[in-house]
S.K.: 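Can you keep this structure in mind? I'll have questions shortly.
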Amino acid sequence: CSLFDPAFSAQEAAALGQLGLRLLPENEEGKHGVEGSATLFYMVHCGKALYNNLLWRNWSAGALSKMVIIGNSFKGMEERLLSRILERDYSYIAKVLKGTEEVAFPTHPRYLDTFNDTSVHWFPVQKLKELSPEVWDFVEEPTYQHCDDVEIIRKEDGADRRSPAAAES
């Protein structure tokens, strides 16, 4: 299991290390590859750019089909953002929507606003293969030039800190 969060303190990092967890050495800005292994990403309350970067880094039917993401609802992002903004700024999320299966976490009446937008996402290889071939052609790295608030800690913003809250196993 590997972890990264730019907000981990030295004490937290030491405790996680003692538990046998591997801390990623640098801020990957969510650009973590599955490298052919089945991988679970726990990314609750992360910015859209982290999800978009993760999808970009693993942009193939083979890699995406090995991923499960527990995090903010992609359907919710689609509902809340203008489609032109989603397609311009978070194009990999926009392109993979039809290749995604998503199930929302059940809500708890006591914690309605804590995990209200959390879902489990996976990418069945058959659904991914049904996407048009053009979807897979554009693989330019996201830059977020037009975004007012990228919602992530960039490498240059926190060089001495840890990276996106992504856990893999």
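Just so it is clear, the structure is predicted and the values come from calculations on it, not from any experiment.
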S.K.: Do you know which two heavy atoms are closest between Gly99 and Pro124, and how far apart they sit?
M.R.: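 In this case the closest contact between Gly99 and Pro124 is O-CD, 3.7 Å.
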S.K.: Taking Val34's backbone N and O only, do any of them form a donor-acceptor pair with Asn58's side chain (distance below 3.5 Å, no angle check)?
M.R.: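 Checking the backbone N and O of Val34 against the side chain of Asn58, a donor-acceptor pair under 3.5 Å is found.
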S.K.: Once the angle between the rings of Trp136 and Trp59 is folded into 0 to 90°, is it parallel (under 30°), tilted (30 to 60°) or perpendicular (over 60°)?
M.R.: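 Trp136 and Trp59: tilted rings.
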S.K.: What heavy-atom pair brings Asn72 and Tyr51 nearest, and what distance separates the two atoms?
M.R.: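 Closest pair (atom of Asn72, atom of Tyr51, distance): N-OH, 2.8 Å.
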S.K.: Answer yes or no: is there a side-chain heavy-atom contact under 4.5 Å between Ile69 and Phe123?
M.R.: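 Yes; the side chains approach each other to less than 4.5 Å.
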S.K.: Under 4.5 Å between any side-chain heavy atoms of Leu55 and Phe74, yes or no?
M.R.: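 Yes, their side chains come closer than 4.5 Å.
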S.K.: Does the distance from a Lys or Arg side-chain N to an Asp or Glu carboxylate O, for Lys31 and Glu141, drop under 4.0 Å?
M.R.: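 The answer is yes: the pair qualifies as a salt bridge.
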S.K.: Supply the atom-to-atom distance Ser65 OG to Lys129 NZ, rounded to the nearest 0.5 angstrom.
M.R.: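 Reported value, rounded in 0.5 Å steps: 8.5 Å.
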S.K.: Return the NZ to CG distance between Lys127 and Leu64, rounded to the nearest 0.5 Å.
M.R.: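 It is 13.0 Å, given to the nearest 0.5 Å.
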S.K.: Nearest 0.5 Å, please: how far is CG in Leu54 from CD in Glu28?
M.R.: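 CG of Leu54 is found 10.0 Å from CD of Glu28.
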S.K.: Carefully, step by step, assess Val103 and Trp122 under the rule side chain to side chain contact (heavy atoms under 4.5 Å, CB included).
M.R.: CA-CA 9 Å; Val103 175; Trp122 66 98; 3.5 Å; yes
S.K.: Salt-bridged, Lys66 to Glu35, with N to O below 4.0 Å?
M.R.: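 No salt bridge links Lys66 with Glu35.
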S.K.: Quick one, Glu87 and Ile85 - any side-chain contact, counting heavy atoms below 4.5 Å?
M.R.: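 Glu87 vs Ile85: side chains apart.
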S.K.: Would you please test Asp5 and Glu12 for side chain to side chain contact (heavy atoms under 4.5 Å, CB included) and show each step?
M.R.: CA-CA 10 Å; Asp5 191 318; Glu12 289 168 327; over 6 Å; no
S.K.: So, do Lys48 and Leu81 sit near enough that their side-chain heavy atoms are less than 4.5 Å apart?
M.R.: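 A side-chain contact under 4.5 Å exists here.
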S.K.: Verify the distance criterion only: is there a donor paired with an acceptor across the side chains of Asn53 and Tyr144 at less than 3.5 Å?
M.R.: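 A donor-acceptor contact under 3.5 Å links the two side chains.
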S.K.: Look only at the side chain of Lys95 and the backbone of Phe138, and say whether a donor-acceptor pair between them is shorter than 3.5 Å.
M.R.: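 Yes, because the side chain of Lys95 sits within donor-acceptor range (under 3.5 Å) of the backbone of Phe138.
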S.K.: Evaluate the side-chain proximity of His121 to Val96: yes if any heavy-atom separation is below 4.5 Å, no if none is.
M.R.: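 Of all side-chain heavy-atom pairs linking His121 with Val96, none is under 4.5 Å.
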S.K.: Will you find, in the side chains of Gln11 and Ser9, an N or O donor that is under 3.5 Å from an N or O acceptor?
M.R.: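 Per modelled atom types, Gln11 and Ser9 side chains form no pair under 3.5 Å.
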S.K.: How long is the gap from CG on Asp89 to CZ on Arg84, to the nearest 0.5 Å?
M.R.: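 Nearest 0.5 Å value for the CG-CZ distance: 9.5 Å.
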S.K.: CD of Glu79 to OG of Ser73: how many Å apart, nearest 0.5 Å?
M.R.: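 Going from the CD atom of Glu79 to the OG atom of Ser73 covers 6.5 Å.
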S.K.: Looking only at heavy atoms, what is the nearest atom pair of Leu21 and Cys1, with distance?
M.R.: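 Nearest heavy atoms, Leu21 then Cys1: CD2-CB, 3.7 Å.
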S.K.: Would you give the length of the straight line joining atom CE of Met67 to atom OG1 of Thr100, rounded to the nearest 0.5 angstrom?
M.R.: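 The CE atom of Met67 sits 9.5 Å away from the OG1 atom of Thr100.
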S.K.: Leu3 versus Tyr42: any side-chain heavy-atom pair under 4.5 Å?
M.R.: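 Side chain of Leu3 against side chain of Tyr42, heavy atoms only: no contact under 4.5 Å found.
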S.K.: Report whether Val135 and Leu97 are members of the same hydrophobic cluster (ILVMFWY, side-chain heavy atoms less than 4.5 Å apart, transitive linking).
M.R.: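 In one cluster with Val135: Leu97, yes.
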S.K.: Might you point out which heavy atoms bring Phe105 and Ile70 nearest each other, and give the distance in Å?
M.R.: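 So the minimum-distance heavy-atom pair works out to CZ-CG2, 3.7 Å.
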S.K.: What are the two closest heavy atoms between Lys98 and Leu131, and how far apart are they?
M.R.: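 Scanning both residues completely, I find the closest heavy atoms to be CB-CD2, 3.8 Å.
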S.K.: Would you name the heavy atoms of Gly33 and Arg57 that are closest together and state the gap between them?
M.R.: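 The answer is N-CG, 3.7 Å.
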